[in-house]
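Read through the structure below, which is laid out as structure tokens, and then see the notes.
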2 protein chains.
Amino acid sequence: MRVTREKAAENRERIVTTAAKLFREKGFDGVGLDAIMAEVGLTHGGFYRHFRSKDELAAEAIARGLAASAEKQAAHASLQDLVCAYLSPAHRDDLGGGCVVAALGGDIARQGDGVRRGLTAYVREQLDRLARWLAGRNGKRDPAAREQAIATLAGLVGALVLARAVDDPALSDEILAAARAAYGGAEGS
Amino acid sequence: MRVTREKAAENRERIVTTAAKLFREKGFDGVGLDAIMAEVGLTHGGFYRHFRSKDELAAEAIARGLAASAEKQAAHASLQDLVCAYLSPAHRDDLGGGCVVAALGGDIARQGDGVRRGLTAYVREQLDRLARWLAGRNGKRDPAAREQAIATLAGLVGALVLARAVDDPALSDEILAAARAAYGGAEGS
DNA sequence: TGTACATCAGTGAACGCGCGTTCACTGATGTAC
DNA sequence: TGTACATCAGTGAACGCGCGTTCACTGATGTAC
């Protein structure tokens, strides 16, 4: 049942992206290798032709998810766009495709070095991007831009976590709307 | 080996508080009943004299953790106090005794109805408290107080999650300090 | 280009461990008289 | 107050299932000649 090298590489790729989705949806311990492989369309035995362990897959899946997030954030034309998209009901309801930090934040703090190092680099990158935007908005060379960037990133992540954790749809929507307003998603750029 | 009714009630209590601590430290799936019971000083078999299942314990432990948090927040004399304590390095490093939402936020969204309803009530309570304080600071009857309360709560939770997830102690400290400044922990009341 | 052989991605059964749950049992507590 | 019996919190072994991991095997792909 050997497959093309090309096909094998594609399968490996799909294992990583599928895992990245499922981990965000159900947590690291909430998904088994069999569920991941089944969603890819393979049997679980073949997993170890691609990865040494579930942990190795987890590290790679997180890295992939962070890279995808970074790309998505970079695509926004303005801070306003980014905040509106991040705090949209659609993003709240898209656990598997959304922000890795909001979905797995608590668990990441308990993960190994590789995962946490990747996350740290991602946070630095996002802070730099936000600070640049904020400096542009407030006037060049704003010394408070970095502090504002940190407050904004924290507010975005926290608002999404709260909006997802809360039981009442009306309260959840209110949280998103208030945070959009507070973090610049409703004002002009 | 029967024990006093009093002693049994005390044991039950300790199971709940120990579970509340360990769940926050290692996640729901990261701790077994045997570990919880061992830390209490009992054997795992006795667990089912007190609870019908691990899930039932989880719901009660979360509720207990939220109640403890609410009490702690209410004890602060001012918003400044609360923000400074919440965003302190000590709180960041006290996973087991700290904020339930920051420690288990992502997992709570995947829990049952009981847990989420309790969390929702807790969030409402905190928002009301924050809005009252913010209205007091800005002048009575501030219509933006609630929006500001939401932004503040989100910022607190998000900053703590980020500070814990990040690998670099200096960046972690910077996040806490910036958020303290941005959310009113450094200004006068 | 064609043939023979080596490689190796994927299969599916099996292993082993952890963990939630159950159960027969113990013996001190609680209660009825 | 004292005695006999019922209750039940806690014990420790056992069960069963899920899941990460291993392994012998298959058969198409890749390669050497």
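Note on naming: letters A, B, ... go to the chains in the order of the sequence lines (proteins, then strands), and numbering restarts at 1 for each one.
- Comment: A:D168 does not engage B:R117 in a salt bridge, judged by the lack of any side-chain N to carboxylate O separation of less than 4.0 angstrom.
- Salt bridge status for B:R180 with A:E147: absent, with no side-chain N to carboxylate O gap under 4.0 Å.
- Atom NZ in A:K7 sits about 18 Å away from atom C1' in D:dG30, given to the nearest Å.
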Paired and unpaired positions of DNA chain C as dot-bracket, Watson-Crick or G-U wobble under 3.5 Å, | denoting a partner strand: .||||||||||||||||||||||||||||||||
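- Protein atom CZ of A:F47 is 9 Å distant from nucleotide atom P of D:dG20, rounded to whole Å.
- To the nearest angstrom, C1' of C:dC8 lies 11 Å from CZ of A:R5.
- Electrostatic pairing of B:R64 and B:E13 counts as a salt bridge here, judged by a charged N lying under 4.0 Å from a carboxylate O.
- Contacts of residues 9-19 of chain A with DNA chain D (heavy atom under 4.0 Å): none.
- For the pair B:E6 CD and C:dA28 P, the computed distance is 19 Å after rounding to whole Å.
- Annotation: side chain of A:F47 is in contact with side chain of A:L57 (closest heavy-atom distance under 4.5 Å).
- A salt bridge links B:R92 with B:D173: the closest approach of a Lys/Arg side-chain nitrogen to an acidic carboxylate oxygen falls below 4.0 angstrom.
- Counting heavy atoms from C-beta outward, B:L22 and B:E25 have side chains that approach closer than 4.5 Å.
- Protein atom CZ of B:R52 is 12 Å distant from nucleotide atom P of C:dT22, rounded to whole Å.
- Checked by distance alone, A:R49 brings a side-chain donor or acceptor within 3.5 Å of a matching partner on the base of C:dG10.
- Side-chain atoms of A:F23 and A:D107, non-hydrogen and from C-beta on, never get closer than 4.5 Å to each other.
- Rounded to an integer number of Å, the gap from B:K54 NZ to C:dG18 C1' is 11 Å.
- Distances from the side chain of B:H50 to the nucleotides D:dT21, C:dA9, D:dG10 place D:dG10 closest.
- Salt-bridge annotation for A:R146 and A:D128: present, with a side-chain N of the basic residue lying under 4.0 Å from a carboxylate O of the acidic one.
- Using a 4.0 Å cut-off between a side-chain N of Lys or Arg and a carboxylate O of Asp or Glu, A:E39 and A:R14 do not qualify as a salt bridge.
- Near DNA chain C, meaning a heavy atom under 4.0 Å from it, residues 32-46 of chain A has A:L42, A:T43, A:H44, A:G45, A:G46 in order of number.
- Going from atom CG of B:D29 over to atom P of D:dC19 covers 11 Å, rounded to whole Å.
- With respect to B:E60 and B:R12, a salt bridge is recorded, a charged nitrogen being found less than 4.0 Å from a carboxylate O.
- Residues A:L127 and B:L171 are in side-chain contact: their nearest non-hydrogen atoms beyond the backbone lie under 4.5 Å apart.
- Following rounding to the nearest Å, A:R2 (CZ) and C:dC8 (P) show an atom-to-atom distance of 6 Å.
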